[in-house]
Amino acid sequence: MADKKIILTGDRPTGQLHLGHFVGALRQRVELQNSKEFDKIYIMIADSQAMTDNAKNPQKVQENVLEVLKDYIAIGIDPKKCTIFLQSSVAELTELTFYYCNLVTLARLQRNPTVKTEISQKNMQKSLPVGFLIYPISQAADITAFDATCVPVGEDQMPVIEQCREIVHTFNNTYGQTLVMPSGRVELNKKYRRLKGLDGSSKMSKSLGNTIYLNESSESLKQKVMSMYTDPNHLKVSDPGNVKNNMVFEYLDVFCKEEHFTKYLPEYKNLKKLKNHYERGGLGDVKIKVFLYNVLEELIAPIRQKRASLSGKEDELLKLLSEGTRVAREHAAATVKRVKKAMGLYLV
Ligand code: TRP
């Protein structure tokens, strides 16, 4: 275990993954996977965590397990290089959670900024499930069970990783050096960290209905791009336009490369030239939107195709998940043993 570089990360299966996930987290995972820097990579479909705010809607969680798995494979996560597993089938994670609960105060949980934001977004102030409040503890169990050194997450999850680090610190101080201290890792390029929604709101999110899915059909992609928020004062083509807070330009900043101009819009050399024209006036929204559509279609088409090739293969996918889960369970069981020993519990 010592000195190994191990990644653990995951997603709640509550819906299909979208471009916001891709930009903020998924793309980075594929890079890390291919970097060969890591001894082991675990990717967890966090169905137990998804239950913490979907207890009355379990079929939504169940239905999305395979959807998320398909998304993973379609974007290039390779099950030969990564162990993909299902959280609820690793009971050891629940066991660790129960022990870690004793090392965290209620006040500390209530202060976690990520959880606070989610509680208000989901209107859970009046009836907050205990399980949801303590999901950072269960996440600490997920991370430490696999001796993870590196936890790639979206920016908004960083306070949860911070809380995990506190738990590791407290555990090791109380019972002796047992758990590996993890570090969170966000997308290194700031520009890519958070993709705004189609409507210009601060985040692309399923609940806000402003998303582009990774398997969006070509027609629906076009429709969505055509409806994107631009500059409300840019009424006539001849009007000067604003590229700031203009979603088409914000997306082009993230997704377009110079070669896209050669292919789809050869009258401009690069994004700077396109922006200059827009700001001067004389460039209409339809033209920039069609260009963005082409750029995104080039990215999404292969993902959509790969994803389509997986439909009907549910049995194979479940087998893959079950094999990954078996490997994960073995690792987690070894950690639980170590943890119990450190705490001075009998192993009978
Ligand atoms: N909280 C993550 C999400 O919202 C999912 C998750 C569960 C996770 N356990 C984790 C992420 C451990 C990283 C590490 O999608």
With side chain to side chain donor-acceptor pair (under 3.5 Å) as the test, would you mind laying out the steps for Tyr100 and Thr170 before giving the verdict? CA-CA 9 Å; Tyr100 296 172; Thr170 309; over 6 Å; no
Test salt bridge (charged side-chain N to carboxylate O under 4.0 Å, His left out) on Arg326 and Glu323 and set out the steps. CA-CA 5 Å; Arg326 188 188 60 73; Glu323 177 52 25; 2.8 Å; yes
Tell me, with the steps shown, if Lys287 and Glu267 meet salt bridge (charged side-chain N to carboxylate O under 4.0 Å, His left out). CA-CA 12 Å; Lys287 193 156 177 175; Glu267 53 280 38; 2.8 Å; yes
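When atom types are taken as modelled, the side chain of Arg304 and the backbone of Glu216 share a donor-acceptor pair closer than 3.5 angstrom. A donor-acceptor pair is defined here as one N or O able to donate and one able to accept, closer than 3.5 Å; such a pair exists between the side chain of Arg338 and the backbone of Thr178. Here the side chain of Lys40 pairs no donor or acceptor atom with the backbone of Lys4 at under 3.5 angstrom. Judged purely by atom type and a 3.5 angstrom limit, Thr325 has no side-chain atom pairing as donor or acceptor with the backbone of Phe85. Side chain of Lys275 to backbone of Phe249: no donor-acceptor contact under 3.5 angstrom is found. Without hydrogens or angle criteria, Asn172 side chain to Leu179 main chain gives a donor-acceptor distance under 3.5 Å. Side-chain atoms of His21 come within 3.5 Å of backbone atoms of His18 as a donor-acceptor pair (strictly under, hydrogens ignored). In this structure, Arg307 contributes its side chain and Lys70 its backbone to no donor-acceptor pair below 3.5 Å. Remark: side-chain polar atoms of Asn210 are paired, donor with acceptor, to backbone N or O of Ser205 under 3.5 angstrom. Judged by distance alone, the side chain of Gln33 and the main-chain N or O of Asp78 form a donor-acceptor pair under 3.5 Å.
Clustering ILVMFWY residues whenever any of their side-chain heavy atoms sit less than 4.5 angstrom apart, transitively, puts Val180 in a cluster other than the one holding Ile167. Under the 4.5 Å side-chain contact rule for hydrophobic residues, Leu32 and Met44 do not share a cluster. In the hydrophobic clustering of ILVMFWY residues, with side-chain heavy atoms under 4.5 Å counting as a link, Val68 and Met204 come out together. Following chains of ILVMFWY side-chain contacts shorter than 4.5 Å, one can reach Leu106 starting from Ile137, so the two form part of one hydrophobic cluster. A continuous path of hydrophobic side-chain contacts links Leu318 to Ile84 [ILVMFWY only; heavy atoms under 4.5 Å].
In the model, Tyr278 has a side-chain atom that pairs as donor or acceptor with a side-chain atom of Asp285 under 3.5 Å. A donor-acceptor pair shorter than 3.5 Å can be found between the side chains of Tyr293 and Ser218. Side chains of Asp71 and Gln16: a donor-acceptor N/O pair is absent below 3.5 angstrom, by distance only. At a cut-off of 3.5 Å, with distance as the only test, no side-chain donor of His260 or Asn294 sits close to an acceptor on the other residue. Asp156 and Thr117 share no donor-acceptor pair across their side chains, judged by distance under 3.5 Å alone.
Annotation for Lys122: atom NZ counts as buried by contact number, over 12 foreign heavy atoms lying within 6.0 Å. Atom NZ of Lys224 is surrounded by more than 12 heavy atoms from other residues, nucleotides or ligands within 6.0 Å. Around the CD atom of Gln110, the shell of radius 6.0 Å holds more than 12 heavy atoms that belong to other residues, nucleotides or ligands. Under a cut-off of 6.0 angstrom, the local environment of CD in Gln62 is sparse, with at most 12 non-hydrogen atoms contributed by other residues, nucleotides or ligands.
Between Pro182 and Cys164 there is a side-chain heavy-atom pair separated by less than 4.5 Å. Looking at Ser201 and Tyr229, their side chains never come closer than 4.5 Å, going by heavy atoms from C-beta outward. Leu19 has its side chain within reach of Leu214: a pair of non-hydrogen atoms, C-beta onward, lies under 4.5 Å apart.
In this structure, Ile212 CD1 and Met228 CE are separated by 6.0 Å, a value rounded to the nearest 0.5 Å. The CE atom of Met226 sits 9.0 Å away from atom CG of Leu292, with the distance rounded to the nearest 0.5 Å. Between atom CD of residue Gln59 and atom CG of residue Asn54 there is a gap of 9.5 Å, rounded to the nearest 0.5 Å. The line from NZ of Lys257 to CG of Leu252 is 12.5 Å long, rounded to the nearest 0.5 Å. Distance check, rounded to the nearest 0.5 Å: NZ of Lys319 to NZ of Lys313 gives 13.0 Å. The CD1 atom of Ile6 lies 5.0 Å from the CG atom of Asp147; values are rounded to the nearest 0.5 Å.
The aromatic ring centroids of Tyr99 and Tyr175 lie 6.0 Å or more from each other.
Ring planes of His277 and Tyr268: tilted class, angle from 30 to 60°.
Under the 6.0 Å distance and 45° angle rule, Arg12 counts as a cation-pi partner of Tyr135.
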